[in-house]
Structure formats: structure tokens, C-alpha cells
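Here the structure is laid out as C-alpha cells; the discussion comes afterwards.
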Amino acid sequence: PLDVRTTGTGIDRLLGAWIASQLADGPVILADCGTAFTLDVVDGDRRFLGGAIGAGLGLQRQALAEACPHLDPLSRGSKDEGIPKDTASAVHAGTTSAFVAALRGLRSEFLGQDHLHATGFLTGGDAKELHALLPEWRLEQDLVLRALQSLLFPEKG
């Protein structure tokens, strides 16, 4: 149901982008934040334009821990309030802030002046954590599963 303008794009990306475009009824940018992240664009004419793929937040943290084993490990309870005062909080602040900045920067780069007109979606395993820092993006879990359900059982859609 999308006009796909890319080659070799995984069906998971296409399904997520399609259902997000259905939910927004307009242009979207979808960040699927799992082991890898994808950031995909669908324009107002439901054309899938492509996007970016990179290491997800957890993978970035894991790579940092493996490359720098002398750093204190990040604990799930690490909270950033102002300037971090301990290593675990500093790792949390650095990785999370860099990831959020990357999503915002790619959104602006991909959409240019129109970046405010596209609905931003967050989905995937790290979406809930990131939504606190990207409140202007819409949190929608399980988009790929919802797309499959809509295609297989349109009457429930």
C-alpha cells in the first residue's frame, strides 16, 4: 500500500512506515529503536522515501562497555539531572543525548524545512525511554504487528 522508492528495504521497515502513515494520515518520520535503529520517511503521497540504519541505543552502550571496560557499568536506574556526577550517569547522559541528537538531526536533514509538518513516531524496545526526551514524537508500540494485523484482518483495523 506504499509507493516504495527504495531497493532492498526490509519488510519490517515498510510495514511500520505504512501503518504510521495510516495513523498520521500524512507525512511521517518513523524511528524504530531496537538493537539497530531505523529512521524512515513517508511523504504525504504515501511514498516510502528511505531512511537511515544505525546502531541502537543498547548496542551503542554495549560497544562502549566492551571498548572501555574500566568505566562503571550503566545501571538501569541512572537518571540525568543536570551535569552527571558519577560515571554510570555520565555514560547514560552521553549515550542517550547523542542518540536523541542523532534522531533530531537526521529528521531535520531528511525533511529540511518540512520537518515540522511530518508526524514523528517512536517504536521499538527503546522507544519508551527515548520518548521522555522526544515528547514531540508520538509513541506507538508494536507498529509492525499492528500493520500485519491490519493487512490480515482489515475488519478489525
Side-chain angles (χ1 to χ4, degrees), residues 1-68 73-74 76 78 80 91-157:
L2 289 176
D3 177 7
V4 179
R5 301 291 174 104
T6 61
T7 58
T9 304
I11 191 67
D12 56 331
R13 291 173 63 197
L14 296 174
L15 286 168
W18 170 68
I19 200 70
S21 73
Q22 296 287 100
L23 292 170
D25 196 28
V28 302
I29 187 156
L30 169 63
D32 191 336
C33 306
T35 303
F37 81 88
T38 57
L39 187 68
D40 293 314
V41 177
V42 178
D43 71 10
D45 295 321
R46 295 227 164 94
R47 292 182 293 223
F48 181 87
L49 303 178
I53 301 173
L57 186 56
L59 187 57
Q60 290 182 37
R61 290 172 175 164
Q62 179 184 345
L64 182 61
E66 289 175 10
C68 303
L74 173 69
R76 271 296 191 203
S78 297
D80 299 323
V91 169
H92 183 267
T95 55
T96 305
S97 297
F99 194 82
V100 166
L103 291 180
R104 284 187 172 139
L106 285 168
R107 178 182 180 150
S108 182
E109 180 181 330
F110 289 169
L111 300 175
Q113 297 292 336
D114 292 332
H115 78 278
L116 295 177
H117 302 294
T119 302
F121 284 89
L122 289 170
T123 195
D126 290 325
K128 190 172 181 180
E129 177 183 351
L130 294 166
H131 189 247
L133 299 170
L134 292 164
E136 68 276 18
W137 295 54
R138 188 169 157 178
L139 178 62
E140 293 285 347
Q141 294 295 357
D142 305 317
L143 284 181
V144 173
L145 293 176
R146 288 167 62 185
L148 286 171
Q149 179 183 22
S150 183
L151 288 171
L152 294 171
F153 306 103
E155 66 280 358
K156 293 183 181 184

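Treat the numbers as computed from the prediction; the structure is a model and nothing was measured. Reckoned from all heavy atoms, side chains included, excluding hydrogens, waters and symmetry mates.
Taking the side-chain contact (heavy atoms from CB on, under 4.5 Å) definition, one finds that A24 meets it with V28, T119, F121, sequence neighbours left out. In this structure D3 satisfies the side-chain contact (heavy atoms from CB on, under 4.5 Å) test together with R5, R47, sequence neighbours excluded. For the salt bridge (charged side-chain N to carboxylate O under 4.0 Å, His left out) test, residues two or more places apart in sequence or in another chain that qualify with R104 are E136. The side-chain contact (heavy atoms from CB on, under 4.5 Å) search around E109 returns L106, not counting sequence neighbours. Judged as a salt bridge (charged side-chain N to carboxylate O under 4.0 Å, His left out), and not counting sequence neighbours, D12 has no contacts.
Distance check: L59 CG to T35 OG1 gives 7.0 Å after rounding to the nearest 0.5 Å. Atom CG of L49 sits about 9.0 Å away from atom OG1 of T6, to the nearest 0.5 Å. Atom CG in L103 sits 10.5 Å away from atom CG in L133 (nearest 0.5 Å). Here the CG atom belonging to L130 is positioned 7.0 Å from the OG1 atom belonging to T96, to the nearest 0.5 angstrom. The line from OG1 of T9 to CZ of F48 is 5.0 Å long, rounded to the nearest 0.5 Å. For the atom pair CZ (R146) and CD (Q141), the distance works out to 9.5 Å, reported to the nearest 0.5 Å.
Between T95 and L57, the closest heavy-atom pair is O-CD1, 3.6 Å.
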Could you go through the side-chain contact (heavy atoms from CB on, under 4.5 Å) check for C33 and L122 one step at a time?
CA-CA 7 Å; C33 306; L122 289 170; 4.2 Å; yes
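Applying the side-chain hydrogen bond (donor to acceptor under 3.5 Å, both in side chains) test to pairs two or more places apart or on separate chains, those with a residue in residues 13-22 are R13-D40, S21-R46, Q22-R46.
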